[in-house]
Amino acid sequence: MKAAVYHAPHAPLRIEELDIDEPLAGEVLVRTAASGVCGSDAHIAEGFLPDVPVPMVLGHEAAGVVEAVGPGVDYVRRGDHVVICPSVWCGACEMCLRGHPYLCTQRPVRAPDQPPRLSRGGEPVHQFTNISSFAEQMLVAERATLKVDRELPLDSLALIGCGILTGLGAALRTARVEAGSTVAVFGAGGVGLAAVQGALIAGAATIISVDLSPRKLETAQQFGATHGVDASRVDPVEGIREIVPGGVDYAFEAIGNKTTAEQAFASIRDAGTAVLIGFFPAEARLDLPAADFISEKKLIGSRMGSNRFRLDMPAYIELYRQGRLKLDEMVTRRGKLEDVNEAFRAMREGEVTRTVLGFG
Ligand SMILES: [Zn+2]
Ligand SMILES: [Zn+2]
C-alpha cells in the first residue's frame, strides 16, 4: 500500500510502497477513506520533536472502512465505518482508572518481539500516534476506533478524530466553559476554530478570535466568534481588554507558541483560566508573572480535549447532525495523498482551515 513517509526534519514526505501486517488480537485493519492534515503532522515534519523514530508515516486524523479484524475484536466488523482517534486507551492503567484515558500509559501497541505493523523491505516503519493515516490502509487497535453511521460523510467525520475533539473538548471538557462567559481563542486554524465552536455550544456570550490574518478572523466569525483581534496590527492583550475590560474568563492558546501562550495568560481576569491546547516544541519555556497566581489566575493544559472519545465523539456527531457543529465548512481544500506536502505549505501560509486527503 502507498503511504507518505517522514525521513528527516524539513524534508518533504516521500510517497512509498509499504507492507502492512495482518491484524493481531485486538487490532483492526482499516481502508483509509479520508485523512485531515493537522498542525501536529506539520510540526513533526518540521522537527519539533527531534527524537521521533524514522522512517515514520504521519497522519492521525482519519476515517475509513474496516477491512479485517483480529482475534477477539467484536466491537466492529468488516464493512463498518469508523473514525480513528489517537487516544487509544487500555482501561487498566492508573490514568485510565483516574478518568484520564487520553493520558493512558499502557496503550495497546505491539511488543518489540512482535512483527511491526508497517514495514518496507522487511525493515520496520514507525506509526505516528499508533495510527499513520497518510496511507491507503491503517492497522490500529480496536480501541482507537469509533463506529459511525454509514450515511455520514467520512471526509468531514475525519476531523472529529483530532482537531474537533481537541478544540471542542478543550472548551467543553477541559475548561467547562460556562454559559454567558467571555472567551478569547488565540489561533484561528482548525483547532482554534473548533475551540470557538465549543465556546459557542457552551453558550459563551463573548468569543474573541485572535490571529495575525484578517482573512482567518473573518472565517472565525462564521464559526461563532463575536469579535476579532488582528494581532498583526494591535497588541492582542490590549485588544482583548478593550472588548472585555478586566480580562476574559477563559483564554485558549491553540498555536503552540511561547509569546501567544504568555499573552493568553495576560488576557484573563482574576480567577480566570488560560488553557494551553497547542503543541509546543520540546525546548519551549514560558515566562509568567508569578505574582498573578495570588489572584487565582489559572494556567492549565489540555490534551486531545480531555476526551473519553467513545462517549464524546457520538455527542459531537449528534451536534453535527443537528447543524450545531460545523464540520463540512472546516474542510476548505481537498487533495490526494500526493498533495500532502502542498497541504503543509498551504497550512503554514494560512490558506486553509483544513485540507482533507481522500483515497480512491
Ligand atoms: Zn492532530
Ligand atoms: Zn490506560
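For ligands, and for the atoms within them, numbers begin at 1 and follow the listed sequence.
A cation-pi geometry, defined here as NZ or CZ lying under 6.0 Å from the six-membered ring centre and within 45° of its normal, does not hold between Arg269 and Tyr250.
One finds an angle of 110° at the Zn ion (ligand 2) between SG on Cys104 and SG on Cys93, to the nearest 10 degrees. Between the SG atom of Cys38 and the NE2 atom of His60, the angle taken at the Zn ion (ligand 1) works out to 110° after rounding to 10°. The SG atom of Cys90, the Zn ion (ligand 2) and the SG atom of Cys96 define an angle of 120° (nearest 10 degrees).
Counting only N and O atoms by type, the side chains of Thr260 and Glu253 include a donor and acceptor under 3.5 Å apart.
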For Thr145 and Asp80, what are the C-alpha separation, side-chain angles and deciding distance, and is it a side chain to side chain contact (heavy atoms under 4.5 Å, CB included)?
CA-CA 10 Å; Thr145 65; Asp80 280 344; over 6 Å; no
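Shown here is Glu338, whose CD atom has more than 12 heavy atoms of other residues, nucleotides or ligands within 6.0 Å.
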